[in-house]
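Proteins come first, then strands; the chains are lettered A, B, ... in the order of their sequence lines, and each starts at number 1. What you see is a predicted model, and the numbers here were worked out from it, not measured in a lab. The figures that follow rest on heavy atoms only: side chains count, while hydrogens, waters and symmetry mates do not.
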Number of protein chains: 2
Amino acid sequence: MPPRQHRPTLKDLATRLGISETAASFALNGRPGVSEQTRERVLALAEELNWAPNHAARTLSGITSMTVGFVLTRDVQEFGMESFYLRLLTGAQFVLSSRGYALLFQMTHSVDEELAVLRRWSKERRVEGVIISDLRRADPRPAFLKELGLPAVLAGGPDPKRLLPAVTVDDGVAMRLLVEHLQQTGCRRLAYVSGPAELLHVHRRIGAFRKAASGVLADPGVVHTDYSEEQGLAATRRLIEADDRPDALVFDNEVLAVAGVRALRAAGLLAEISVASCEDSAICVALQPSLTAVRRDPTVFGEAVARKLLRLVDSPDGPAARPDIEAQQPTIVVRESTPQR
Amino acid sequence: MPPRQHRPTLKDLATRLGISETAASFALNGRPGVSEQTRERVLALAEELNWAPNHAARTLSGITSMTVGFVLTRDVQEFGMESFYLRLLTGAQFVLSSRGYALLFQMTHSVDEELAVLRRWSKERRVEGVIISDLRRADPRPAFLKELGLPAVLAGGPDPKRLLPAVTVDDGVAMRLLVEHLQQTGCRRLAYVSGPAELLHVHRRIGAFRKAASGVLADPGVVHTDYSEEQGLAATRRLIEADDRPDALVFDNEVLAVAGVRALRAAGLLAEISVASCEDSAICVALQPSLTAVRRDPTVFGEAVARKLLRLVDSPDGPAARPDIEAQQPTIVVRESTPQR
DNA sequence: TTCCTAAACTAAAGCGCATTAGTTCACCTC
DNA sequence: GAGGTGAACTAATGCGCTTTAGTTTAGGAA
């Protein structure tokens, strides 16, 4: 491996052209104060020498670091099953890079670790803002970020205390669509297999689900899981072994839904119980039977999050700080798993 | 949002303690030249003021930026279907952060864009090294990176010209296992539904597959796709409509395999033709029938890649530069899709 | 006492850029 | 021809840290 090249500096450019660094800097940054002729000479030489401003130097001089961060606290094990985060990341990523921003990405094992990462990034002045997700009960992150004064957007809000701006999903609509569809296909006793109770969006979805069902159907049973396959299986078994067995199961994401389908098949009840997933993905299509699912494009969601964060970074007290954005109206994709009964 | 706090600087620490910046710096960096007593006072105050070194300043003074990059060129559309990359990223991520390294992540639409990103990162001195993947025919990246003198590791090599160190997968073993298993279950005419021909690993796998089959079975037919579901469907249809219809189909990844299963089911041939995937994932388990697959944990793979890159960054000419590493021996997981015939 | 040495500490320069506060100089006005 | 003006350019400083090359001081040896 050859030694890392000596990269030309602004001084090199200036010296070779016989001008001051200032002039070169002005030329390169499109500021007035240099003649057109000089500007062109500088730009030409910069091109020739393959010059680019040293990122650290630029940042140190008070220019923005053009970097935002994304920390994700997940259990390593389950990770990679859900496609949600990769797609979120993809969407955010493309918006950011189209605006010249880089993305610093880190996963952690716990919220405490995540706090440490956020603190470090802020202290080191490494990022202009951050994306966070998966708000929990009594989550310390919003207050912490507010205290740090670090611009942040919550992917999948809202923040109950309104400390952080968020890009939200309208769970009300999603759940109404789902419940309506199940009702119309003849289901009467719903049950919901959900995620960990400490996640706020889990809470919200359950609330929305109950509300959508209320008045029309019996109050649905709700079971919590840690989003793992095992607990998905176990939860499903418990539900279908109960006395008043439900005739439709709604799963909080596709991983749980897949586990649920397995449990139903094993119990020979797949034909009798409808199944739906609150997250759509390739697996929902591939499965036999294919799964009815709520669809909201996580990529589009990620794009909205990134855009909001950039607006916030540009003007921390601007309008972006205030209202939460709703990324998109969720729709429902009806497939084989919820036949007319 | 409160204004971003004024972060204390080294100077602040030094002034408040009545010592020089140098002394403070020595104390904080564990260097000799300060008394134990002074060191402790500095550390205590740093803690109290919540001080951390400004990252840009540190980098500018020649310290490593403690950052590596990962650029990924993928078609946005297909992305998110395969879980491979997210898992790779996860593995790499955890190794990096455990060593204090941050990961700069960017996706691009084309190799040219990717080259531009790599060049920029190198010129700006933003990263100490990079991870690249998906080597293509006549891929310009290895030579380019070598010329830049930027440490790089190829995830999924080897690099045919040996310009870059790589973490490789033993496709020979994988394909031998697969072919052997198919043969033992009674299959005689294999076919392979593969990815784009310009990807080197696609090429290598096909070669390994052919070699594994040679002498034992008829030369397998090979069809290329762009990894999309549509082409997976089309390719499968073409294969099963041919005169000498294969009795086993091997798919290069799970997305193709899923499409293939759909095509087979539609043609009513699912019971007669065995199916296997060269990539394992949750979907292979969930599918009906569940899919026999080659397994190699992408997370472990990512860990190996990160470790190799860090060794390379630490000593660019050290032993890490030379031999390619084999991440792990692939195994085969036999499931329902390849029954005894 | 003098001289030497190591420990503890400091002054100052440098990293590569941006920016403020000038300085020159040609050109224009009255 | 004095005074004014704006364009083109430069010197010098700062960003926050690391590091080199000292300087000071206490303590020990001779």
Enquirer: Taking NZ from Lys123(A) and C1' from dC17(D), how many angstroms apart are they, rounded to a whole number?
Expert: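 So the two atoms are 16 Å apart, to the nearest Å.
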Enquirer: Below the 4.0 Å mark, does dC15(D) have OP1 or OP2 next to a side-chain nitrogen or oxygen of Ser61(A)?
Expert: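 It does not, given that no N or O in the side chain of Ser61(A) lies less than 4.0 Å from OP1 or OP2 of dC15(D).
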Enquirer: Does atom CZ of Arg136(A) have more than 12 heavy-atom neighbours from other groups under 6.0 Å away?
Expert: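 Yes - once you tally the heavy atoms of other residues, nucleotides and ligands closer than 6.0 Å, there are more than 12.
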Enquirer: When you check the side-chain N and O atoms of Asp112(B) and Ser110(B), is any donor under 3.5 Å from an acceptor?
Expert: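 Side chains of Asp112(B) and Ser110(B): no pair found under 3.5 Å.
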Enquirer: Is any side-chain nitrogen or oxygen of Arg31(B) closer than 4.0 Å to OP1 or OP2 of dT19(D)?
Expert: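 Indeed, a polar side-chain atom of Arg31(B) lies that close.
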Enquirer: Classify the nucleic acid contact of Ala52(A) as base, sugar-phosphate or nothing, counting any heavy atom under 4.0 Å across all strands shown.
Expert: sugar-phosphate
Enquirer: Does Asp134(B) pair with Arg74(B) as a salt bridge, N-O distance under 4.0 Å?
Expert: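 Counted as a salt bridge, because a side-chain N and a carboxylate O are separated by less than 4.0 Å.
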Enquirer: Contact class for Gly33(A) (heavy atom, under 4.0 Å): base, sugar-phosphate, or nothing?
Expert: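 Base contact.
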Enquirer: For dA11(D), does the base pair up with any side-chain atom of Thr22(A) as donor and acceptor (N or O, under 3.5 Å, distance only)?
Expert: yes
Enquirer: Which heavy-atom pair separates Gly69(B) from Leu103(B) by the least distance, and what is that distance?
Expert: C-CD1, 4.3 Å
Enquirer: Which heavy-atom pair separates Arg119(A) from Asn50(B) by the least distance, and what is that distance?
Expert: CD-OD1, 3.8 Å
Enquirer: Phosphate oxygens OP1/OP2 of dC17(D): is one of them under 4.0 Å from a side-chain N or O of Ser25(B)?
Expert: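 Ser25(B) to dC17(D) OP1/OP2: no side-chain N or O under 4.0 Å.
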Enquirer: If I compare all heavy atoms of Ser65(A) with all of Arg126(B), which pair ends up nearest, and what's the gap?
Expert: O-NH2, 3.7 Å
Enquirer: Ignoring backbone atoms, test whether Ser35(A) places a side-chain nitrogen or oxygen under 4.0 Å from the OP1 or OP2 oxygen of dA8(D).
Expert: no
Enquirer: Once you round it to whole Å, what is the distance between P of dT10(D) and CD1 of Ile19(A)?
Expert: 7 Å
Enquirer: For Ser25(B) and Thr22(B), which I'm curious about, is there any donor-acceptor pair between the side chains at under 3.5 Å?
Expert: no
Enquirer: Hey, is the side chain of Asn29(A) poking within less than 4.0 Å of OP1 or OP2 on dA18(C), counting only N and O atoms?
Expert: yes
Enquirer: Rounded to whole angstrom units, what separation is found between the CZ atom of Arg7(A) and the C1' atom of dC15(C)?
Expert: 16 Å
Enquirer: Starting from the 5' end of DNA chain C, give me the residue, Leu60(B) or Glu36(B), whose nearest nucleotide shows up first.
Expert: Glu36(B)
Enquirer: Answer yes when Lys161(B) and Asp159(B) have at least one side-chain N-carboxylate O distance shorter than 4.0 Å, and no when they do not.
Expert: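 No, Lys161(B) and Asp159(B) are not salt-bridged.
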Enquirer: What is the distance from CD1 of Ile63(A) to C1' of dG16(C), rounded to the nearest Å?
Expert: 13 Å
Enquirer: Taking only N and O in the side chain of Ser20(B), is any of them less than 4.0 Å away from OP1 or OP2 of dT10(C)?
Expert: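 Result: yes.
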Enquirer: To the nearest angstrom, how far is Leu10(A) atom CG from dT10(D) atom C1'?
Expert: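 These atoms are roughly 13 Å apart.
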Enquirer: Can you tell me how far C1' of dC15(C) sits from CG of Asn54(B), to the nearest Å?
Expert: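 Interatomic distance, CG of Asn54(B) to C1' of dC15(C): 13 Å.
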Enquirer: Within the structure, does a side-chain N or O atom of Thr38(A) lie under 4.0 Å from either OP1 or OP2 of dC9(D)?
Expert: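 Answer is yes, contact under 4.0 Å.
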Enquirer: Between C1' on dG16(D) and CH2 on Trp51(B), what's the gap in Å once rounded to a whole number?
Expert: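 Nearest whole value for this atom pair: 9 Å.
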Enquirer: To the nearest Å, how far apart are Arg39(B) CZ and dA8(C) C1'?
Expert: 11 Å
Enquirer: So how far off straight is the helix from dT1(C)-dA30(D) to dC30(C)-dG1(D), going by the axes through five pairs at either end, to 10°?
Expert: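 Answer for the end axes of this duplex: 60°.
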Enquirer: Ignoring backbone atoms, establish whether Arg58(A) has a side-chain N or O less than 4.0 Å from OP1 or OP2 of dA18(C).
Expert: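 Yes, such a contact exists.
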